[in-house]
Amino acid sequence: MPEGPIIVILKEAAEQFNGKKIIAAVNDNHKLDTSLFEGQTVTGFKSHGKNFFICFKHFNVRIHLMMFGSYTINEHKARKPRLGLQFANGELNFYTCVVEMIEGPLDELYDWHADVMNQKWSSAKAVEKLQDKPKALACDVLLDQHIFAGAGNIIKNEVLFRTKIHPKSLIGSIPTRKLKEMVDEVATYSFEFLKWKKEFTLKKHWKAYGQKICPRNKVPFHKADLGKTHRGCYYCDLCQVLYA
DNA sequence: CCCGGTGTTACAAC
DNA sequence: GGTTGTAACACCGG
């Protein structure tokens, strides 16, 4: 159930296995040769947006939890995991997820400037990418993983509400200053998401996502699947400006 | 015919 | 019953 901040939490929690050797590995289908993992030592954990990577000397494993994926650490569910790793000091399990072997360096595949929660995140590069898409809608670009890796539907809705931008606004019609504000708010909210998630108070802080009434104007929110992404938007006509 | 873009569908688990 | 997400296709226009 993972937008970027959840993957950061996973990465931090997995650190206890960094530098540890895999004693045994299991999976719930025959699409993975888990013998490749056995005896291997983890050299690090990384994340890029919603992707999680387990790194080894000669290869990396990409895990994507999609919509309904989950993980457990030092406990497990009744069913077999899609990928389960046993270490001397515990276990790391992933369920209902995509698991992919990556042979080459991650740097050739992933643009770290696009990862909202990465130290290398560049808001300036994000603004440049947006300026190349003047006809795109705000509600679509905020889900574009090449621009905002890690942003999902919750982050999208909260950012649009916070910056008072209507989801159907055209990127090319949003003043540059406002566009920069939107870009920066993706990072700001993502780190607040992370903090609140750790405190188990994420939902309590939602102002728009899943809400019925605009907290500013006390009028009902609209709820509609908008844009080419057809994802749910919660928005208020009174305070969210439509740049058309 | 290929290529990029768009649209539809499938899948998953709570 | 709805969905914190992508990927695999089909289709279309250039």
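The chains referred to below are lettered A, B, ... by the order of the sequence lines, with proteins before strands, and numbering in each begins at 1. Fair warning: this is a prediction, and the values are worked out from it, not measured in the lab.
- Remark: C/dG5 base-pairs with B/dC11. Criterion, Watson-Crick or G-U wobble with two distances under 3.5 Å.
- Under the Watson-Crick or G-U wobble criterion, with both distances below 3.5 Å, C/dC12 is paired with B/dG4.
- Here A/Lys156 lies out of heavy-atom contact (under 4.0 Å) with every strand.
- Contact annotation: A/Tyr95 side-chain N/O to B/dA13 OP1/OP2 distance is not under 4.0 Å.
- Using modelled atom types, one finds no donor on one side chain facing an acceptor on the other under 3.5 Å when comparing A/Glu103 with A/Asn60.
- Of the side-chain N and O atoms in A/Arg82, none sit less than 4.0 angstrom from OP1 or OP2 of B/dA12.
- Nucleotides C/dA7 and B/dC14 are separated by 22 Å at their C1' atoms, to the nearest Å.
- Annotation: side-chain hydrogen bond (donor to acceptor under 3.5 Å, both in side chains) contacts of A/His230 (sequence neighbours excluded): none.
- Between A/Lys133 and B/dG5, a side-chain N or O to OP1/OP2 separation shorter than 4.0 Å is absent.
- Within the hydrophobic cluster formed by Ile, Leu, Val, Met, Phe, Trp and Tyr side chains joined at under 4.5 Å, directly or through other members, A/Ile102 is accompanied by A/Phe53, A/Leu106, A/Leu109, A/Tyr110, A/Trp112.
- Using a 4.5 Å heavy-atom cutoff, the side chains of A/Cys239 and A/Arg216 are in contact.
- For A/Tyr234 and C/dT4, the OH to P distance is 7 Å, given to the nearest whole Å.
- A distance-only check finds a donor-acceptor pair linking the side chain of A/Gln145 to the backbone of A/Gly150 [under 3.5 Å].
- Across the protein-nucleic acid pair, A/Leu65 atom CG and B/dA13 atom P stand 13 Å apart, rounded to whole Å.
- The interatomic distance linking A/Met117 (CE) with C/dT4 (P) rounds to 19 Å, in whole Å.
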**Message:** Counting primed atoms plus P, OP1 and OP2 as sugar-phosphate and everything else as base, spell out the protein contacts along nucleotides 6-14 of chain C at 4.0 Å heavy-atom distance: B, S or - for each nucleotide, 5' to 3'.
**Reply:** BS-------
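- Each of B/dA13, C/dT4, B/dT6 was ranked by its minimum atom distance to the side chain of A/Ile154; first place goes to C/dT4.
- Atom pair A/His230:NE2 and B/dA10:C1' shows a separation of 16 Å (rounding to whole Å applied).
- With hydrogens and angles disregarded, no donor-acceptor distance shorter than 3.5 Å links the side chain of A/Asp140 to the backbone of A/Gly227.
- At a threshold of 4.0 angstrom between heavy atoms, the contacts of A/Lys203 with the nucleic acid are absent.
- Rounded to whole Å, the distance from CD1 on A/Ile63 to C1' on C/dG5 is 16 Å.
- We find that CG of A/Asp28 is positioned 13 Å from C1' of B/dA13, with the value rounded to whole Å.
- Atom CG of A/Leu137 and atom C1' of B/dT6 are 14 Å apart (whole Å).
- Exactly one residue among A/Trp206, A/Tyr234, A/Phe221, A/Tyr235 makes a ring pair (Phe, Tyr, Trp, His ring centres under 6.0 Å) with A/Phe161. That residue is A/Phe221.
- When distances are taken from the side chain of A/Arg79 to each of C/dT3, B/dC14, C/dT4, the shortest belongs to B/dC14.
- With hydrogens and angles left out, the side-chain atoms of A/Glu192 and A/His205 include no donor and acceptor closer than 3.5 Å.
- Note: NZ (A/Lys80) to P (B/dA12) measures 17 Å, nearest angstrom.
- Set against C/dT3, B/dC14, B/dT6, the side chain of A/Lys77 has B/dC14 as its closest nucleotide.
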